Amino acid sequence: MLLRNGGPESPSLLNFEITGVDLYWERTLETPASDEFERKIISQQIKEIGRRGKFLNFFLSDYHFLLHLRMSGDVLIQPKSEPPGKHHRLSLYFNNGLKFSFIDPRKFGRAWLVTDPDTILGNLGPEPFSEEFTPNSLYTALKSHSRQIKPLLMDQTFIAGLGNIYTDETLFYAKIHPLTKSDQITEEQSNQLVESIRFVLAEGIKNNGASIDWVYRGGDFQNYFQIYGRKGQKCEVCGDVIERITVGQRSTFICPTCQPEPAIN
DNA sequence: ACGAGCGCCTGTCGGC
DNA sequence: TGCCGACAGGCGCTCG
């Protein structure tokens with residue numbers, strides 16, 4: 001997310017009033033309809049900004065503005081006078097001369113304006129850094145399904161926040177093959193999963209995320225990938241050659257030695 | 001319950 | 001150079 005220029009002198013939108021809206025791509029706004037959205041959001045102020053899973057949660061005076069960046073979304077604070085770029089999808093104007101813009105080349109990102117954020121966030125699984133997410137709770141949850149571990153970890157109702165890269169990195173550190181059935185995971189592996197998930201996410205956050213092509217700007221986590229995107233290169237742990245397979249229709253990278261295929265599938 | 005297939009979109013890259 | 005397919009950090013839907 002491009003809220004760069006962090007620091008004390010960073011421009012803030014908190015407690016300024018929204019004075020107008022531009023919606024450049026209708027489908028970006030999931031709910032409500034654009035006229036109702038505009039009527040309701042004008043004169044609102046941002047009181048606080050939070051996050052739940054992959055959703056941004058803007059606490060407004062009377063509503064919640066939720067935003068999911070999906071594949072190619074980004075946000076930007078600009079002067080109101082700046083002309084919209086080719087990929088601007090939604091802008092909110094404030095009474096301090098600034099605008100908040102959602103930019104999204106692939107148009108997959110979505111926004112919601114709701115009274116109760118749980119209507120959107122209510123089905124999300126636990127936060128990986130929360131106290132309720134423990135080796136025990138994970139092990140029990142894994143046992144309650146018989147699913148391929150990779151798609152299960154990417155299921156946002158199972159655990160919130162893991163995407164394709166972080167899941168591959170996690171499974172590599174935990175030495176688990178992505179096709180392993182969740183109910184075949186041992187207690188020890190489950191413990192290792194909790195540790196690996198938290199480690200990989202913390203590394204990603206520390207490095208401001210990854211920038212792996214023209215649209216994902218900002219961080220340099222890609223320089224620390226152990227497995228993702230490294231097909232044909234050597235595993236840093238054992239020296240074997242990294243392979244690319246497909247799991248759940250997603251590009252998946254494994255070390256065939258560190259992550260042996262499950263016996264039963 | 002689970003997993004595959006597909007749609008939604010635009011842009012980049014590599015091969016010919 | 002141009003064309004064409006593969007591919008991209010997500011997710012919701014249908015179908016068997």
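Treat the numbers as computed from the prediction; the structure is a model and nothing was measured. So that the names make sense, note that chain A is the first sequence line, chain B the second, and so on, each numbered from 1.
- Computed from coordinates, the A/Ile245 CD1 to C/dC7 C1' distance equals 17 Å when rounded to whole Å.
- A/Ser251 has a side-chain polar atom (N or O) that falls below the 4.0 Å cut-off from OP1 or OP2 of C/dA8.
- Between the CZ atom of A/Arg106 and the C1' atom of C/dA6 there is a distance of 12 Å, rounded to whole Å.
- Proximity of A/Lys150 to A/Thr252: side-chain heavy atoms (C-beta onward) are separated by under 4.5 Å at one or more points.
- The separation between A/Glu30 atom CD and C/dC13 atom P is 9 Å, rounded to whole Å.
- OP1 or OP2 of B/dC9 lies within a sub-4.0 Å distance of a side-chain N or O belonging to A/Arg27.
- A close approach under 4.0 Å does not occur between any side-chain nitrogen or oxygen of A/Lys86 and OP1 or OP2 of B/dT10.
- Within the hydrophobic cluster formed by Ile, Leu, Val, Met, Phe, Trp and Tyr side chains joined at under 4.5 Å, directly or through other members, A/Phe59 stands alone, with no partner residue.
- Checked for salt-bridge contact, A/Lys99 and A/Asp22 miss the test: no charged N lies under 4.0 Å from a carboxylate O.
- Here B/dG7 presents its P atom at 12 Å from CD of A/Gln249, a figure rounded to the nearest Å.
- Stem regions annotated for DNA chain C: B:2-8 with C:10-16, B:10-16 with C:2-8, counting only runs of 3 or more consecutive pairs of Watson-Crick or G-U type with both contacts under 3.5 Å.
- In this structure, A/Lys231 atom NZ and B/dC13 atom C1' are separated by 15 Å, rounded to whole Å.
- Distances shown here put every side-chain N or O of A/His87 at or beyond 4.0 Å from the OP1 or OP2 atom of B/dC9.
- Within a 6.0 Å radius of NZ in A/Lys234, other residues, nucleotides and ligands contribute 12 heavy atoms or fewer.
- Taking atom CE on A/Met154 and atom C1' on C/dG12, their separation rounds to 14 Å, with Å as the unit.
- Cluster note: A/Val114 groups with A/Phe55, A/Leu66, A/Trp112, A/Ile120, A/Leu121, A/Leu124 through ILVMFWY side-chain heavy atoms spaced under 4.5 Å, whether in direct contact or through intervening members.
- When the P atom is compared between C/dG5 and B/dC6, the two are found 16 Å apart, to the nearest whole Å.
- Side-chain contact annotation: A/Ser91 with A/Ser101, donor-acceptor N/O pair under 3.5 Å present.
- Counting heavy atoms from C-beta on, the side chains of A/Asn208 and A/Asp220 never come closer than 4.5 Å.
- Between A/Lys107 and B/dC8 there is no side-chain N or O to OP1 or OP2 distance below 4.0 Å.
- DNA chain B is contacted by both A/Ser144 and A/Pro105; A/Ser144 maps to the nucleotide lying nearer its 5′ end (nearest heavy atom per residue).
- Ring stacking holds between A/Phe108 and B/dC8, with the centres under 5.5 Å apart and the planes within 30 degrees of each other.
- One finds no side-chain N or O of A/His68 lying less than 4.0 angstrom from the OP1 or OP2 phosphate oxygen of C/dG10.
- One can place CG of A/Leu152 at 16 Å from P of C/dG10, the figure rounded to the nearest angstrom.
- A donor and an acceptor atom never sit less than 3.5 Å apart when one is taken from the side chain of A/Arg147 and the other from the base of B/dA1.
- Here the P atom of nucleotide B/dG7 and the CZ atom of A/Arg110 are 16 Å apart, to the nearest Å.
- A/Ile149 places none of its side-chain heavy atoms less than 4.5 Å from the side chain of A/His177.
- Here the side chain of A/Arg244 is nearest to one of C/dG10, B/dC2, C/dA8, namely C/dA8.
- Nucleotides C/dC4 and B/dC9 place their P atoms 23 Å apart, quoted to the nearest Å.
- When the nucleotides C/dC11, B/dC2, B/dA4 are ranked by their closest atom to the side chain of A/Arg70, C/dC11 comes out on top.
- Spacing between C/dA8 and B/dG5 at atom P, rounded to whole Å, works out to 16 Å.
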